[in-house]
Amino acid sequence: MMSPNRVSEDRGNPPHHFRQTPLQIIHIVANFMRIWSIYSMYRYFVQTGASVVLFLFACLAPASILFLILQKPWKGRPLSNTQVVPSIINGGITALYLVLWGKGLKSCGPARAILAEYSGAVLGVLSAVLYGRRAHLWKKIGGLVAMLASLYLLSEGWATATYSPFYILTPTCCKLNQNLPWEDRDSSESQAEAVLGLKLMLIPIIAGILSALRRVIARRVSIKNQLKRRLHALTIASATCFMFPIAMWDVIIGSSSESDNSKKLPFSAWAFFSTILFGNIVIFYADSIAEERLHMVFSSPRHLAAAGACIIIMENVYKMDFSLAGFTICCLILGFGIYEATSLERYRKDSIRNSDSSIREFDDPIQMSALPT
């Protein structure tokens, strides 16, 4: 029988979903700011033809310094070699991911590059083949087919008003030959996004798989949250060191000479600042909070839904070549594929969470009234 003290404590505590609402708002706002920084970065690349590697290195270097100042990995409990060496290797994977993702952003556009990051759920299919149960294998294969179908439709231009089969359902503000997205675009031909095909779409897809791989390595190496943040600072510093020779080689071969023009850009400072702050630092802490408190990982349908809503807003704000109906269909197919591909991991997390709650309830001391003397 539950005591009156226990009932009063339960009434005083707010419901669980109300306690998570501020964290969900913080996560959505952080993702919106990160996607805004991606669109400003893409506009900077289109306007200037700047070097992707050099720009990302210029943003990653100050971000790594800020991470080192905030986390101070040299303080506290000394890190072992089994933690430092994988973190340094993870820095190399992060550098390769950033280079490929930046190339994919410049060639495919922001909407395709952001959605291609969710292709990292393919690792769930691989884990099912190697370590999972055969009963869940067909679900993961079906999810893989759905993800590939969604990425194929994106590569064929379904998310653009120019090539979407749902052109009639596209809002007028998103159709071609309307208002140009920014002043320096002097022709509507530059606004139209071409049909890419799977060859060019493979670049951001591989980047998405590398992004999921670096998250898996970071999760395996660090169990505690504070240790995870210290090792992440070491990983970003290592990624900066790995990207430095690539950026210098890019400068030597003269690929950055296209950006040496006399025209000053009004929002170039915002592109750098937003990429450093929101694209590297804020989004890391927001995703960590979402994973720890909300139990929401990056490659999940809920995360995709939040990112999709932010993409729709930014596509309309920047007046991009955008089809709402085609984009929604691609997102729904991709979300279904992610849901099926991560079914086994979701079942394990739910079972572990339920077992933890039952153990917690069993461990709570039962408050009973004193026996009458």
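Computed from a predicted structure; not experimentally measured.
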Inset, instruction - State plainly whether one hydrophobic cluster holds both L148 and I206, where clusters connect Ile, Leu, Val, Met, Phe, Trp and Tyr through side-chain heavy atoms under 4.5 angstrom apart. - result: yes

Legend entry - Remaining members of hydrophobic cluster (4.5 Å side-chain criterion), L68: W74

Legend entry - Closest non-hydrogen atom pair between L210 and I93, with its separation: O-CG2, 3.8 Å

Legend entry - Backbone N/O of A161 and side chain of S164: donor-acceptor pair under 3.5 Å: no

Inset, instruction - Can you see which heavy atom on R34 is nearest to which on G279, and at what distance? - result: CG-CA, 3.9 Å

Inset, instruction - Taking only Lys NZ, Arg NE, NH1 and NH2, and the carboxylate oxygens of Asp or Glu, determine whether K228 and E291 approach each other closer than 4.0 Å. - result: yes

Inset, instruction - Would you confirm whether T328, through its side chain, and L324, through its main-chain N or O, come within 3.5 Å as a donor-acceptor pair? - result: yes

Inset, instruction - Mind listing the closest non-hydrogen atom pair of S274 and A271 along with its distance? - result: OG-O, 3.3 Å

Inset, instruction - Say whether, by atom type as modelled, one donor and one acceptor occur between the side chain of D321 and the main chain of T162 under 3.5 angstrom. - result: yes

Legend entry - Side-chain (S37) to main-chain (T275) donor-acceptor, under 3.5 angstrom: no

Inset, instruction - Output yes when a side-chain donor or acceptor of R293 lies under 3.5 Å from a complementary backbone atom of L23, and no otherwise. - result: no

Legend entry - Flag, side chain of K72 to backbone of I69, donor-acceptor distance under 3.5 Å: yes

Legend entry - Check: M41 and L105 side chains under 4.5 Å, non-hydrogen atoms: yes

Legend entry - I217 side chain near I89 side chain, heavy-atom distance below 4.5 Å: no

Legend entry - Main-chain N/O of P86 paired to N90 side chain as donor or acceptor, under 3.5 Å: no

Legend entry - Spatial distance of atom OH (Y39) from atom SG (C310) [nearest 0.5 Å]: 10.0 Å

Inset, instruction - Please examine the side chains of W158 and S323, heavy atoms only from C-beta on, and report whether any two atoms are closer than 4.5 Å. - result: no

Legend entry - Close side-chain approach of M320 to M314, heavy-atom, < 4.5 Å: no

Legend entry - Heavy-atom side-chain proximity of L60 to T94 below 4.5 angstrom: no

Legend entry - Audit row: F272, C59, side chain to side chain contact (heavy atoms under 4.5 Å, CB included) steps and yes/no: CA-CA 6 Å; F272 280 97; C59 296; 3.8 Å; yes

Legend entry - Partner residues of F327 under the ring-ring contact (aromatic ring centres under 6.0 Å, His included) criterion, sequence neighbours left out: F322

Inset, instruction - Supply the atom-to-atom distance I236 CD1 to S64 OG, rounded to the nearest 0.5 angstrom. - result: 8.0 Å

Legend entry - Heavy-atom closest contact (I333 atom, S150 atom, distance): CG2-CB, 3.9 Å

Inset, instruction - Of all the heavy-atom pairs spanning Q71 and A233, show the shortest one and how long it is. - result: CB-CB, 4.0 Å

Legend entry - Salt-bridge criterion met for R215 and E117 (N-O under 4.0 Å): no

Legend entry - S300 side chain vs M296 backbone, donor-acceptor pair below 3.5 Å: no

Legend entry - Pairwise distance NZ(K139) to CG(L144) - rounded to 0.5 angstrom: 16.0 Å

Inset, instruction - Of all the heavy-atom pairs spanning A290 and H27, show the shortest one and how long it is. - result: CB-CD2, 3.5 Å

Legend entry - Heavy-atom check, side chain of L227 versus side chain of Q83, under 4.5 Å: yes

Inset, instruction - List the steps and the verdict of side chain to side chain contact (heavy atoms under 4.5 Å, CB included) for L151 and L154. - result: CA-CA 5 Å; L151 295 173; L154 286 172; 4.2 Å; yes

Legend entry - Distance (rounded to the nearest 0.5 Å) between L115 CG and M147 CE: 13.0 Å

Inset, instruction - Please say whether more than 12 non-hydrogen atoms of neighbouring residues, nucleotides or ligands are located less than 6.0 Å from OH in Y285. - result: yes

Inset, instruction - May I have the step-by-step check of side chain to side chain contact (heavy atoms under 4.5 Å, CB included) for S51 and F55, ending in yes or no? - result: CA-CA 6 Å; S51 170; F55 178 87; over 6 Å; no

Inset, instruction - Without swapping roles, check the side chain of T48 against the backbone of Y44 for a donor-acceptor pair under 3.5 Å. - result: yes

Legend entry - Over-ring placement of R43 relative to Y318, 6.0 Å and 45° cut-offs: no

Inset, instruction - Check whether any side-chain heavy atom of Y152 lies under 4.5 Å from a side-chain heavy atom of S155, and answer yes or no. - result: yes

Legend entry - Euclidean distance, H232 NE2 relative to R229 CZ, rounded to 0.5 Å: 10.5 Å

Legend entry - Same apolar cluster (I L V M F W Y, side chains within < 4.5 Å links), V29/I26: no

Inset, instruction - Could you please spell out the steps behind the salt bridge (charged side-chain N to carboxylate O under 4.0 Å, His left out) verdict for E315 and R112? - result: CA-CA 12 Å; E315 288 282 331; R112 294 163 176 168; over 6 Å; no

Inset, instruction - Determine whether F336 and I338 fall in the same hydrophobic cluster, where Ile, Leu, Val, Met, Phe, Trp and Tyr are linked whenever their side-chain heavy atoms lie under 4.5 Å apart. - result: no

Inset, instruction - Would you check if V46 and Y42 make a side-chain contact, meaning some heavy-atom pair closer than 4.5 Å? - result: yes

Inset, instruction - Could you check W36 against W270 for side chain to side chain contact (heavy atoms under 4.5 Å, CB included), going step by step and ending with a plain yes or no? - result: CA-CA 10 Å; W36 188 3; W270 168 250; 3.8 Å; yes

Legend entry - S87 side, atom OG; L231 side, atom CG - distance, nearest 0.5 Å: 4.0 Å

Legend entry - Whether F67 and F284 hold their rings parallel, tilted or perpendicular, with breakpoints at 30° and 60°: perpendicular

